[in-house]
2 protein chains.
Amino acid sequence: MSPRRVTLADVAKAAGVSRTTASLVLSGRGRELRISQDVEQRVLRAADELEYRPNIVSVGLRTGTSRTIGFVSDTVATSRLAGDMIKGALEAARDRGFMLFIGETEGDAELERLLLQTMHDRQVDGLILASMFTRAIKVPKAITAAPAVLLNALPKQPTPLPAVLPDEVEAGRRAARVLLEAGHRDGIHLIGAGPGLRDVPPESVAAVERLVGIREALGEAGVKVAGARTCPDWQPEYGFAATRDLLHTIRPRALICFNDRIAMGAYQALDDAGLKVPGDVSVVSFDDHPIASWIRPTLTTVALPHYELGRTAVDVLFAEIGREHADAERVGEVHRVPMPLRSRESIAPPPAD
Amino acid sequence: MSPRRVTLADVAKAAGVSRTTASLVLSGRGRELRISQDVEQRVLRAADELEYRPNIVSVGLRTGTSRTIGFVSDTVATSRLAGDMIKGALEAARDRGFMLFIGETEGDAELERLLLQTMHDRQVDGLILASMFTRAIKVPKAITAAPAVLLNALPKQPTPLPAVLPDEVEAGRRAARVLLEAGHRDGIHLIGAGPGLRDVPPESVAAVERLVGIREALGEAGVKVAGARTCPDWQPEYGFAATRDLLHTIRPRALICFNDRIAMGAYQALDDAGLKVPGDVSVVSFDDHPIASWIRPTLTTVALPHYELGRTAVDVLFAEIGREHADAERVGEVHRVPMPLRSRESIAPPPAD
DNA sequence: ATCGGGCGCTAACCCGATTTAGCAACGGAC
DNA sequence: GTCCGTTGCTAAATCGGGTTAGCGCCCGAT
């Protein structure tokens, strides 16, 4: 159907030189290997006229490199939350002329093994092992065959793999400070986790770290958390239930919700109770999910920098690929990506009594 | 760092046969080419013991096939809406031992050209050209080098490429019928598009087709659309504004919103006006965006079958790959994937006057 | 004894590039 | 005139498989 691809041999013939010479010129090593200007020009012109493009599969076979990286996740591509992570990785890879293989394991270890194998069969130059939610994962043994980076995940056992994560602790501080700066000192309640560092959903690294940051910032200001309700899952209905229950006992001045979906549930409960955001109650949250700008009033939230996370993972991976010798003893550094604050309408000074 | 991969030569040596023989046995052609049981067993055992896995890059070079398909979209991976499309494609491809290259063009034709080229350089066996929103696209010339399928997109000019699309017309009928079945005959208003077929956002195929279906189903029942408001963009704020304006003039009995984000805005406007869903006003919508089950009352909506769309695209693509000769004269069929109704709480019989 | 034919396997070429080793031609020094 | 060093290029091996053509062997038939 399509005309045969132009190969290096075609270019060489058109330029009247050997394949070797054509290869040398096109790989830029012509100068150092004393190819004459004349020949160089002929090769370049021929390649240009024939619209020659090297067959990457062939190069891959010879050099063992494929200009491809594998992006393996539990459910990142799928989940609508972290699509930007892929986008960041995609663009960073593209900047270097690399393509991305995408694979999903859905948490299945066997599937993960198979997927990593398939990627190695295709000679990927590196791997990004991503998790939808920040959490500690068991690093599969099969991964050691190529440079790799953990994205949004921490290794359960120490490994030489670097990890890229959002700076959740600083995010927690940031959320707390927003309230402090608006003048809040009393009646600050947490919805989703806390008050203790063990009162968190299982496996949620983000919960613990956000909590640490919140308590740190409030503590420095001499402010105490007035109360906290955990949610078994960070979904709107649990945020709604937790807030409704809270309102039965007390009237808060401000809520720190552990994510935007919880905040959405909280909005509904506040609305039911006839309380206005932010006039009666200020709300700050985390993630910057799209709904944060859809609900009314729009929600102030500390954003998960998905795009930057993806980009950073690729950058770190390329540093890893560039590294000469993998040192099995080395413990991978942890790169923290800042979580920016998105200031919107849900915060006001506390109501005068 | 990692020990060298086991190659076919290693297996052959371990089994005490030639590479040819090993290749024949492992590709299953041993029987027809009269390899003895004994040798066959030796080769299989050696391959097993050495954990031999064929190098797909090498196979690709020889056979011109890469067991890989390219998924090129404007912003599908990115956008949180259609991640399931990728998931469906991913799983369907995996079922056949294929991997997915992901690429995004962001609507840039030059980027698209480059991306398709890069994919061809990697010998992809087929391409899926996907669009975030259903729309007519200009099919790039570069695509003809491999079998391809349009996903969620229609070609502007006739092409031999098949297309996979959601069945929006039937979805429109379905939405209308839900209201009819609940007893609604009057006061049905459209938010987002209509009443005329030209009253739609630019380039939106979905709007036109949904509208066709809605008018068809209502028409068959002898019911007239009471009114309609277009929205320049299908976002919550426009749905809110359109509904608020509508409520200034009239009190509707039911709303057909053209997507869930518009419906979310409509909910807010109804709430502001003190109207209850579904007691005062029933609401039906399209897409089954996650918020449809987050807002209260939960929203009845006709779902975009993203997962199925992705799967179907891959299935159609494989049929295309299997096809012997590409017939340039053929006009690609259009495959319509049903949009299922998600019945929730937002519909009730019209209030008794 | 010779020939023909089926059986069981392998040598050798191919895919499209990179890379190593080395060859021919030329010029200058002795 | 010989030797040596440069210059400018190429033959050939290589990556890891798939595939074609055909080789040796044994057996039965002539």
Side-chain angles (χ1 to χ4, degrees), chain A residues 2-44 46-47 50-68 97 120-123 125, chain B residues 2-44 46-47 50-67 97 118 120-123 125:
Chain A
S2 56
R4 201 179 53 79
R5 271 184 80 101
V6 174
T7 71
L8 185 62
D10 299 329
V11 174
K13 194 192 293 177
V17 299
S18 70
R19 285 190 355 254
T20 307
T21 306
S23 172
L24 291 177
V25 169
L26 293 174
S27 61
R29 308 206 307 138
R31 215 46 72 78
E32 92 193 61
L33 278 166
R34 309 168 312 216
I35 301 295
S36 66
Q37 298 277 332
D38 172 45
V39 167
E40 177 169 14
Q41 286 310 313
R42 278 193 348 247
V43 171
L44 289 177
L50 297 175
E51 298 187 29
Y52 168 71
R53 313 205 83 221
N55 181 327
I56 298 192
V57 175
S58 170
V59 176
L61 179 57
R62 183 66 234 260
T63 64
T65 193
S66 57
R67 305 189 71 72
T68 299
H120 284 141
D121 291 349
R122 286 173 168 73
Q123 309 251 71
D125 297 325
Chain B
S2 56
R4 199 181 52 81
R5 269 184 81 100
V6 174
T7 71
L8 185 61
D10 299 328
V11 174
K13 194 192 293 175
V17 299
S18 70
R19 281 188 2 249
T20 307
T21 305
S23 171
L24 292 177
V25 169
L26 293 174
S27 60
R29 308 207 310 137
R31 213 48 70 75
E32 92 192 60
L33 279 166
R34 310 168 311 218
I35 301 293
S36 68
Q37 297 277 330
D38 172 47
V39 167
E40 177 168 15
Q41 286 310 312
R42 283 203 331 260
V43 170
L44 289 177
L50 297 175
E51 299 188 29
Y52 167 70
R53 312 205 85 224
N55 181 326
I56 298 191
V57 174
S58 168
V59 176
L61 179 58
R62 182 65 233 257
T63 64
T65 193
S66 59
R67 304 189 72 70
T118 320
H120 284 140
D121 291 349
R122 285 172 171 75
Q123 310 251 71
D125 296 324

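Below, each value reflects all heavy atoms present in this structure, side chains not excepted, and no hydrogens, waters or symmetry copies. Below, read A as the first sequence line, B as the second, and so on, with proteins coming before strands; counting in each chain starts at 1.
Without hydrogens or angle criteria, Asp125(B) side chain to Ser66(B) main chain gives a donor-acceptor distance under 3.5 Å. Arg122(A) places a side-chain N or O within donor-acceptor distance of the main-chain N or O of Arg67(B), the cut-off being under 3.5 Å. Under the 3.5 Å distance criterion, the side-chain polar atoms of Arg19(A) are left unmatched by any main-chain donor or acceptor of Ala9(A).
To the nearest angstrom, C1' of dA17(C) lies 13 Å from CG of Asp121(B). Atom pair Arg5(A):CZ and dG16(C):C1' shows a separation of 10 Å (rounding to whole Å applied). A straight line from CD of Gln123(A) to C1' of dG17(D) spans 12 Å, rounded to a whole angstrom. In this structure, the CD1 atom of Ile56(B) is 11 Å from the P atom of dG18(D), given to the nearest Å. Going from atom CG of Leu24(A) over to atom C1' of dT7(D) covers 14 Å, rounded to whole Å. When rounded to the nearest whole Å, the span between CG of Leu50(A) and P of dG16(C) equals 15 Å. Distance NZ (Lys13(A)) to C1' (dG16(C)): 14 Å, rounded to an integer number of Å. Taking atom CG of residue Asp38(A) and atom P of nucleotide dT7(D), one finds them 18 Å apart after rounding to whole Å.
Taking only distance into account, the side chain of Arg62(B) meets the base of dC14(C) through a donor-acceptor pair shorter than 3.5 Å. A donor and an acceptor atom never sit less than 3.5 Å apart when one is taken from the side chain of Ser36(A) and the other from the base of dT7(D). Donor-acceptor pairing under 3.5 Å, judged by distance alone, is present between the side chain of Thr20(A) and the base of dA11(D). Put simply, the side chain of Ser18(B) and the base of dA11(C) share no donor and acceptor less than 3.5 Å apart.
Across all strands shown, Leu8(B) has heavy atoms under 4.0 Å from sugar-phosphate atoms exclusively, and none from any base. Within the nucleic acid shown, Val17(A) comes within 4.0 Å of sugar-phosphate atoms alone, with no base atom in reach, counting heavy atoms only.
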Given the rule in the side-chain contact (heavy atoms from CB on, under 4.5 Å) test, do Tyr52(A) and Asp10(A) qualify, once you have shown the distances and angles that lead to the verdict?
CA-CA 9 Å; Tyr52(A) 168 71; Asp10(A) 299 329; over 6 Å; no
Could you walk me through whether Val17(B) and Ile35(B) pass the side-chain contact (heavy atoms from CB on, under 4.5 Å) test, one step at a time?
CA-CA 11 Å; Val17(B) 299; Ile35(B) 301 293; over 6 Å; no
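Side-chain nitrogen and oxygen atoms of Ser58(B) include none within less than 4.0 Å of the OP1 or OP2 phosphate oxygen of dG18(D). The shortest distance between the side-chain N/O atoms of Thr21(B) and the OP1/OP2 oxygens of dT10(C) is below 4.0 Å. Between Ser23(B) and dG18(D) there is a side-chain N or O to OP1 or OP2 distance below 4.0 Å. The shortest distance between the side-chain N/O atoms of Tyr52(A) and the OP1/OP2 oxygens of dG16(C) is not below 4.0 Å.
Residue pairs that meet the side-chain hydrogen bond (donor to acceptor under 3.5 Å, both in side chains) test with at least one member in residues 20-29 of chain A, sequence neighbours left out, are Ser18(A)-Thr21(A).
Across dG16(C), dT10(D), dG17(D), the shortest atom-to-atom separation from the side chain of Pro54(B) is found for dG17(D). Of the candidate nucleotides dT19(C), dG17(D), dC7(C), dC7(C) has the atom lying nearest to any side-chain atom of Arg34(B). Side-chain proximity of Ile35(A) to the nucleotides dT19(D), dG18(D), dC9(D) is greatest for dC9(D).
Mapping Gly16(B) and Arg19(B) onto DNA chain C by nearest heavy atom places Gly16(B) closer to the 5' end of the strand.
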